[in-house]
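Below: one structure, written as structure tokens.
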Amino acid sequence: MKKVLLLILSIAIVLSTVCLGVVADENMQEEQVLAGETVTVVFSVPEEYANVKSGALTYEFDENVFELVEGSAKWMLSSLFIKDVKTETKEAIFAFTGAKAVKGDLFTMTLKAKEDAPIGEYKVSAMVNFNQGEYAFHLLTVVFVVEEHIEVDDP
């Protein structure tokens, strides 16, 4: 009996890690930028979260490759009672006057790739936390610093 239970638990753990990987990929976006140029990163909430009263976001990017364009980090939600972005700590908070549903574009910022930015793939990420931990998730944009823009056709 213990062996059967152990087998079932092992399968459940493996399946849960596969499901988490799929969810993480759904929250990923991709952008391209030339060295010396700017790219706008928009963090979007892929599904609706109901009864959100407040939230916080902490963003991260490689400061050796990018610099934040001054004044570009902003909440994209309407009807905010409180909103604040602290670029020195890469943190932002907001609050509504009452509970609201949140879905879609959440936060935006414009990054400038430094003139000497090496060509490559770089992660720009955000940890989002609604209602002091009731909902927490990770959003990711992969920015490719390229020599020339490459158009990719969606099938």
Side-chain angles (χ1 to χ4, degrees), residues 12-80 82-96 100-155:
I13 290 170
V14 169
L15 288 176
S16 69
T17 58
V18 169
C19 292
L20 288 175
V22 170
V23 170
D25 288 344
E26 287 178 7
N27 295 337
M28 188 180 80
Q29 298 180 22
E30 294 181 352
E31 298 288 342
Q32 293 180 25
V33 67
L34 299 168
E37 301 275 334
T38 61
V39 61
T40 299
V41 175
V42 179
F43 292 113
S44 295
V45 179
E47 61 186 71
E48 184 170 294
Y49 290 87
N51 299 317
V52 175
K53 298 173 188 159
S54 63
L57 176 141
T58 304
Y59 59 88
E60 205 50 55
F61 60 86
D62 189 335
E63 293 183 58
N64 295 317
V65 178
F66 301 106
E67 55 190 34
L68 181 67
V69 174
E70 190 174 334
S72 69
K74 303 177 191 181
W75 288 105
M76 297 185 74
L77 300 171
S78 58
S79 307
L80 294 178
I82 297 171
K83 62 181 176 179
D84 189 25
V85 178
K86 296 195 180 318
T87 55
E88 60 278 353
T89 58
K90 299 181 184 171
E91 298 173 309
I93 60 166
F94 76 87
F96 294 116
K100 304 247 185 202
V102 175
K103 181 181 179 183
D105 294 345
L106 181 67
F107 191 81
T108 183
M109 62 183 170
T110 301
L111 299 174
K112 181 178 180 185
K114 295 184 177 181
E115 293 290 339
D116 61 349
I119 292 170
E121 175 181 322
Y122 301 93
K123 293 178 182 177
V124 180
S125 63
M127 285 302 301
V128 181
N129 189 330
F130 291 153
N131 295 348
Q132 287 128 8
E134 182 179 349
Y135 308 114
F137 52 94
H138 183 250
L139 299 173
L140 175 67
T141 299
V142 177
V143 178
F144 295 92
V145 177
V146 296
E147 287 184 69
E148 60 181 280
H149 286 289
I150 303 167
E151 296 297 323
V152 178
D153 294 330
D154 288 330

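- For the side-chain hydrogen bond (donor to acceptor under 3.5 Å, both in side chains) condition, the pairs that include at least one residue of residues 107-117, sequence neighbours left out, are T40-T110.
- A 4.5 Å side-chain heavy-atom check between V65 and V145 finds at least one atom pair inside the cut-off.
- Using a 30° and 60° split on the angle between ring planes, F137 and Y49 fall in the parallel class, below 30°.
- Using a 4.5 Å heavy-atom threshold, the side chains of Y122 and V33 count as separate.
- Between F43 and Y59, the distance separating the two ring centers is not shorter than 6.0 angstrom.
- Judged by distance alone, with hydrogens and angles left aside, the side-chain atoms of Y135 form a donor-acceptor pair with the main-chain N or O of A50 at under 3.5 Å.
- Annotation: side chain of F61 is not in contact with side chain of T141 (no heavy-atom distance under 4.5 Å).
- Residue-environment remark: CD (E67) exceeds the threshold of 12 foreign heavy atoms within 6.0 Å.
- The distance from the CE atom of M127 to the CG atom of L140 is 11.5 Å, given to the nearest 0.5 Å.
- Rounding to the nearest 0.5 angstrom, the gap separating the OG1 atom in T58 from the NE2 atom in H138 is 10.5 Å.
- Scanning for side-chain contact (heavy atoms from CB on, under 4.5 Å) contacts around K100 gives S79, F96, with sequence neighbours left out.
- The 12-atom threshold is exceeded at CD of E48, counting heavy atoms of other residues, nucleotides or ligands nearer than 6.0 Å.
- In this structure, CD1 in I119 is found 13.0 Å from CZ in F144, a value given to the nearest 0.5 Å.
- Applying the salt bridge (Lys or Arg N to Asp or Glu O under 4.0 Å) rule to E60 yields the partners K90; only residues at least two apart in sequence or on another chain are considered.
- Taking the side chain as every heavy atom from C-beta outward, V85 and K74 never approach each other to under 4.5 Å.
- With values rounded to the nearest 0.5 angstrom, I93 atom CD1 is found 12.0 Å from N129 atom CG.
- From M28, atom CE reaches atom CG of L139 across 12.5 Å, with rounding to the nearest 0.5 Å.
- The shortest side-chain heavy-atom distance between L111 and V69 does not fall under the 4.5 Å cut-off.
- Of all heavy-atom pairs spanning F107 and A92, the tightest one is CE1-CB, 3.7 Å.
- Within the 3.5 Å criterion, the main-chain N or O of V42 finds no donor-acceptor partner in the side chain of D105.
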